[in-house]
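The figures that follow rest on heavy atoms only: side chains count, while hydrogens, waters and symmetry mates do not. These figures come from a predicted structure and were not determined experimentally. In what follows, every chain begins at residue 1, and chains take the letters A, B, ... in the order their sequences are listed.
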2 protein chains.
Amino acid sequence: MSHLDTPTESPDAVPRSLLRIQEVAAALGLTARTIRYYEELGLLTPAARSSGDYRLYDDDDVERLRFIKGLRDEAGFSLTEISQMLEDEAARARNRDRFRATSDAAERRAIIDDALARVDRQVASLRAKADRLAAMIDDAEGRRGHLLGHLAELDAGREPTPHEHPRRSGAPAAPRTRSPR
Amino acid sequence: MSHLDTPTESPDAVPRSLLRIQEVAAALGLTARTIRYYEELGLLTPAARSSGDYRLYDDDDVERLRFIKGLRDEAGFSLTEISQMLEDEAARARNRDRFRATSDAAERRAIIDDALARVDRQVASLRAKADRLAAMIDDAEGRRGHLLGHLAELDAGREPTPHEHPRRSGAPAAPRTRSPR
DNA sequence: ACTAACCTTTACGTAAACGGAAAGGTCGGG
DNA sequence: CCCGACCTTTCCGTTTACGTAAAGGTTAGT
């Protein structure tokens, strides 16, 4: 229909490759609205604004957005959780600065203890999710193996060997109860 | 304030241990409303209804609810995704029956191929999430180790050794960009 | 200077996942 | 048979995570 309105690259090294919202959105598979919403939630702030108040994003912004999208899509975190993680990350940076600004051992210990507690909390939360997923995965792979076994039997043209189901452990595989439908 | 109205256990083995909605909710850390909502979505159907239309849940129901809650809380799946998984599970059961009902090799192969495709799809989706999480976890543990190192230094009463940060790989650790606040 | 294609803010709409109250029926101990 | 505690359905309210116009300003190519 129309050519993409990529900001014509002036050869002089301007701030270097600042993208407008729609370009970023297209590149990441998001919408402009979504990006503005994330900004509204405090998840990021564009690197700059044009004289006409256009939002301008740099590579770090794009990276940050990609990170957010990953957490949301693949890992299934809520934007609130993601916000906490980013805030935690910021807190870490601040702590690092505070740490380097003092040489009082007690103070330093306090800072580290605090940081350690935060990290432990995070790891525990992540591990809970990961364990669930791991259990589900090898449950699924168990079924996969079972199916492959049947295929092999068919290929061998044998009688189907009625064999034991290896009763998985871990997360309770989807309990069979009467469900509607 | 008042005693729990646990249905007084008649010693005669009645259907055995059917729970009312509030009892199930309390046992699982859910609310009655939530359970009714899940039913509305087709995620489960109570084992029975009393003559006065009270919902009555058996152990399988409770198990199924625990499973759902796990997927929602720990793994962070949406109810829609959970619904799909349960539906997939039901489809597996049906396939198993169809499989056992025929002895035509071609038909059997078709059934298995279908089931295999489904499982593969599932595994891929789960793995994506798991990988993301794994990356985040060892990123966090990397930071944890770093902190422990600092603690050890403090314990040894030494000068803080300014050392290299092991620049983790994997999921892009929370990109540092100016965020508001 | 014109204009298409972008952008801005503001604001209302929506699906998901429940919360909570209303109006009325049910259960079981006293 | 009475009553308090529980249940039913119905329905409206809320938060999250955006979609979708509306009304107007900005950018750049011609």
Side-chain angles (χ1 to χ4, degrees), chain A residues 1-11 14-15 18-57 61 65 68-73 75-84, chain B residues 1-11 14 18-57 61 65 68-69 71-73 75-84:
Chain A
M1 300 298 176
S2 65
H3 67 285
L4 277 195
D5 198 358
T6 310
T8 323
E9 202 158 327
S10 39
V14 208
L18 289 178
L19 302 177
R20 308 208 288 219
I21 197 166
Q22 181 52 56
E23 298 169 323
V24 175
L28 294 179
L30 296 172
T31 67
R33 176 63 169 95
T34 296
I35 297 179
R36 288 197 203 97
Y37 180 59
Y38 290 175
E39 179 179 346
E40 196 181 322
L41 291 186
L43 299 183
L44 61 349
T45 311
R49 290 279 192 144
S50 77
S51 56
D53 238 23
Y54 277 29
R55 270 167 257 255
L56 298 174
Y57 301 90
D61 292 331
L65 275 170
I68 294 171
K69 181 186 154 77
L71 289 179
R72 191 202 59 176
D73 289 359
F77 286 100
S78 74
L79 294 183
T80 313
E81 290 172 309
I82 295 175
S83 177
Q84 302 248 6
Chain B
M1 298 306 170
S2 65
H3 68 284
L4 278 197
D5 197 358
T6 309
T8 324
E9 200 157 328
S10 39
V14 207
L18 289 179
L19 301 177
R20 306 207 288 221
I21 197 166
Q22 182 52 55
E23 299 170 322
V24 175
L28 294 179
L30 296 173
T31 67
R33 177 64 169 93
T34 297
I35 297 179
R36 289 197 203 95
Y37 180 59
Y38 289 174
E39 179 178 347
E40 196 181 322
L41 291 186
L43 299 183
L44 63 344
T45 311
R49 290 280 190 144
S50 78
S51 55
D53 238 22
Y54 278 29
R55 269 167 259 256
L56 298 173
Y57 301 89
D61 291 331
L65 274 170
I68 294 171
K69 180 186 153 75
L71 288 179
R72 191 203 58 175
D73 289 0
F77 287 100
S78 75
L79 294 182
T80 314
E81 289 172 311
I82 295 175
S83 178
Q84 301 248 5

Next item on the list: Report the nucleotide, chosen from dT8(D), dA17(D), dA17(C), that has the shortest atom-to-atom distance to any side-chain atom of I21(B).
Entry: dT8(D)

Notebook entry, point to check: Taking protein heavy atoms under 4.0 Å as touching, what does nucleotides 18-24 of chain C look like 5' to 3' if B marks base contact, S marks sugar-phosphate-only contact and - marks none?
Noted result: BBB----

Notebook entry, point to check: If every non-hydrogen atom of T31(A) is compared with every non-hydrogen atom of A25(A), which pair is closest and at what distance?
Noted result: C-CB, 3.7 Å

Margin query: Quick check: do L30(A) and R72(A) have side-chain heavy atoms less than 4.5 Å from each other?
Written below: yes

Next item on the list: Give the rounded distance in Å between these two atoms: OH of Y57(A) and C1' of dT8(C).
Entry: 12 Å

Check: Between D73(A) (CG) and dA17(D) (C1'), how many Å, whole number?
Finding: 12 Å

Next item on the list: Send over the distance from E40(A) CD to dT16(D) P, rounded to a whole Å.
Entry: 12 Å

Note to self: Restricting to non-hydrogen atoms, name the atom on I82(A) and the atom on I68(A) that form the minimum distance, rounded to 0.1 Å.
What the structure shows: CD1-O, 3.7 Å

Check: Does S50(A) make a side-chain N or O approach to OP1 or OP2 of dT8(C) shorter than 4.0 Å?
Finding: no

Next item on the list: Using whole Å, report how far CZ of R36(A) lies from P of dA17(D).
Entry: 18 Å

Check: Atom CG of L71(B) and atom CG of D73(B): how far apart are they, to the nearest 0.5 Å?
Finding: 9.5 Å

Item checked: Contacts of D53(A) that satisfy side chain to side chain donor-acceptor pair (under 3.5 Å) - sequence neighbours left out -> none

Check: Rounded to the nearest Å, what distance is computed from the CG atom of residue L30(A) to the P atom of nucleotide dG19(D)?
Finding: 9 Å

Checklist line | Residue pair R20(B), L56(B): steps toward the side chain to side chain contact (heavy atoms under 4.5 Å, CB included) verdict | finding: CA-CA 5 Å; R20(B) 306 207 288 221; L56(B) 298 173; 4.0 Å; yes

Next item on the list: With the side chain counted from C-beta on, respond yes when V24(B) and I35(B) share a heavy-atom pair under 4.5 Å apart, and no when they do not.
Entry: yes

Notebook entry, point to check: Taking atom types as they are modelled, is there a donor-acceptor pair under 3.5 Å from the base of dC27(C) to the side chain of Y54(B)?
Noted result: no

Check: Once you round it to whole Å, what is the distance between P of dA17(D) and CD1 of I35(A)?
Finding: 16 Å

Checklist line | Atom-pair distance (CG on L56(A); C1' on dC7(C)), nearest Å | finding: 10 Å

Next item on the list: Measure the distance from CD on Q22(A) to P on dT26(D) and round it to the nearest whole Å.
Entry: 20 Å

Item checked: From dT8(C), dC7(D), dC7(C), nucleotide with atom closest to R20(A) side chain -> dC7(C)

